[in-house]
Amino acid sequence: MVKERELPLVALRAFAVAARSDSLSAAAEELGVTHGAVSKQVRLLEDWLGQQVFTREGRSLALTPYGRVLAEQLSQSFRDIEAACHYVRRRRSKAVLAVEAPSTFAMYFLMPRLKRFEMANPDLSVWISTRMTGQTPDVSSHDLLITRGSSERIGGHAKASTALLEENLTPVCSLDLLQTSPVDKPEDLLAFPLITSSTRPGHWEAWLQKAGLRDHVFEGGHRFDHMFVAMHAVREGLGSIVAPKEFFPGQPEWKLACPFPDLVVKGEKYFAHPTSRADPRYLRRFVDWLKDEIKT
């Protein structure tokens, strides 16, 4: 296997230009070098490969079968590099803030609101990464880490972590499911399948106890490994789940409802942790916006 540092990049570029040109002279003109310089790079490449890439017929050149394969791959590779460079140069006026957040928080709270932030802040792009429960936060690749349940400072930034919100847990159902049977009191929810997730055990038990239904015994029901999967099942009308009601306002297209929005139990808290690579100007702007969104 050839290592990256061993690649003769100058020779490969000279060959790629020559392969799409009528002659070495035309390639030399495009590259801004002499005919001899291009010819030398092609010979160096052939020596390095141990294969001819051109057959020479007088002053004209023709690609060998190996040369055609190499030319096609190089052409695509250089197009990819050109596109990447174009993207970076086009975005040079935009700063980037890399944010890592728990998957459910990112899917149900952060991403539905993100376009509003970027419309109000055209000079700043926010790139979101998700983290599953139990995964270690990726400090080295992000400017801001959002955690659930941990207020301990992480990320090595001098600024302390910021408290964002505390979950208010209450049953969430699809509107279609609620239309199948009236839900006037908490025990009416027991007519539907109760959905749970392995990453958030005990939510139903805590809420039912708060609602005065201490004697209910769970039997069967849908159980998923993660909350965001369980929430998708709720949106499909497969049952109801106890979830943070902060995740669902203002998304009518999800067709979800909290039948008892004032009957809640407290869940975990979320915190924002700056990392040592964060630019304080953009960080403060995003965290302040996030806190304002939480208040609405």
Side-chain angles (χ1 to χ4, degrees), residues 1-101 103 106-107 110-112 114-115 117-119 121-132 135-144 228 275 277-279 282:
M1 174 69 93
V2 178
K3 295 182 179 179
E4 183 178 335
R5 66 174 180 268
E6 299 172 348
L7 293 172
L9 296 177
V10 175
L12 287 168
R13 180 168 180 263
F15 164 72
V17 174
R20 67 170 185 264
S21 303
D22 296 331
S23 65
L24 291 185
S25 297
E29 185 175 352
E30 180 176 338
L31 290 168
V33 298
T34 65
H35 177 286
V38 176
S39 180
K40 179 181 178 181
Q41 291 299 327
V42 171
R43 286 197 305 272
L44 288 173
L45 178 62
E46 289 179 328
D47 290 343
W48 184 79
L49 290 170
Q51 296 283 353
Q52 279 193 308
V53 293
F54 287 117
T55 58
R56 293 159 178 83
E57 302 172 357
R59 293 189 176 184
S60 63
L61 295 175
L63 288 167
T64 66
Y66 289 116
R68 278 196 298 273
V69 171
L70 184 59
E72 289 172 3
Q73 293 299 317
L74 283 177
S75 178
Q76 182 59 53
S77 297
F78 280 120
R79 282 198 296 269
D80 291 342
I81 293 171
E82 181 183 9
C85 291
H86 175 70
Y87 175 81
V88 172
R89 292 187 67 189
R90 183 167 52 86
R91 292 279 179 164
R92 65 186 180 274
S93 62
K94 272 199 171 190
V96 172
L97 189 71
V99 179
E100 185 187 75
S103 297
M107 292 175 66
L110 190 52
M111 289 192 292
L114 195 56
K115 284 190 179 296
F117 175 82
E118 293 195 332
M119 287 179 64
N121 297 271
D123 62 326
L124 180 57
S125 288
V126 179
W127 292 354
I128 303 297
S129 300
T130 57
R131 182 181 63 255
M132 304 285 273
Q135 282 186 318
T136 302
D138 184 0
V139 175
S140 63
S141 302
H142 297 92
D143 303 299
L144 184 69
F228 64 87
T275 71
R277 54 171 265 171
D279 186 317
Y282 305 124

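These values consider heavy atoms only, across backbone and side chains, with no hydrogens, waters or symmetry-generated copies.
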Task: Criterion side-chain hydrogen bond (donor to acceptor under 3.5 Å, both in side chains) on Arg43 and Ser39, from CA distance to verdict - done: CA-CA 6 Å; Arg43 286 197 305 272; Ser39 180; 2.9 Å; yes
TODO: Any chance you could lay out the side-chain contact (heavy atoms from CB on, under 4.5 Å) test for Val38 and Thr34, step after step, and finish with the verdict?
DONE: CA-CA 7 Å; Val38 176; Thr34 65; over 6 Å; no
- [ ] Any chance you could lay out the side-chain contact (heavy atoms from CB on, under 4.5 Å) test for Leu7 and Trp48, step after step, and finish with the verdict?
- [x] CA-CA 9 Å; Leu7 293 172; Trp48 184 79; 4.0 Å; yes
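Between Arg277 atom CZ and Ser140 atom OG the span is 8.0 Å, to the nearest 0.5 Å. Separation of atoms CZ (Phe54) and CD (Gln52) is listed at 11.0 Å; rounding is to 0.5 Å. One finds the CD1 atom of Ile81 at 10.5 Å from the CD atom of Gln76 (value rounded to the nearest 0.5 Å). For the atom pair NE2 of His35 and CG of Leu24, the computed distance is 4.5 Å after rounding to the nearest 0.5 Å. Residue Tyr282 holds its OH atom at 7.0 Å from CG of Leu124, rounded to the nearest 0.5 Å. Within the model, atoms CG of Leu44 and CZ of Phe15 stand 14.0 Å from one another, a figure rounded to the nearest 0.5 Å.
Formation of a donor-acceptor pair under 3.5 Å by the Thr55 side chain with backbone atoms of Ala62 is found in this model. The backbone N or O of Arg131 sits nowhere less than 3.5 Å from a side-chain atom of Glu100 that would complete a donor-acceptor pair. Although no hydrogens or angles enter the test, the distance criterion places a donor-acceptor pair under 3.5 Å between the side chain of Thr275 and the main chain of His142. In terms of modelled atom types and a separation under 3.5 Å, the side chain of Ser75 and the main chain of Ala71 share no donor-acceptor contact. Panel note: side chain Gln51, backbone Tyr66; no donor-acceptor pair is recorded below 3.5 Å. A distance-only check finds a donor-acceptor pair linking the side chain of Gln135 to the backbone of Met132 [under 3.5 Å]. No donor-acceptor pair closer than 3.5 Å links the side chain of Ser125 to the backbone N or O of Val96.
A 6.0 Å sphere centred on CD of Gln73 holds no more than 12 heavy atoms belonging to other residues, nucleotides or ligands. With a 6.0 Å radius and a threshold of 12 heavy atoms from other residues, nucleotides or ligands, Glu46 has its CD atom above the threshold.
Within the 4.5 Å cutoff, side-chain heavy atoms of Leu110 are placed close to those of Ile128.
When each of Leu31, Leu74, Leu12 is checked for a side chain to side chain contact (heavy atoms under 4.5 Å, CB included) with Val17, only Leu31 meets the rule.
Between Ala106 and Thr130, the shortest heavy-atom distance links the atoms CB-CG2, 3.7 Å. In plain terms, the two heavy atoms of Glu118 and Val126 that are nearest each other are OE2-N, 2.9 Å.
Side chains of Ser141 and Asp138: a donor-acceptor N/O pair is present below 3.5 angstrom, by distance only.
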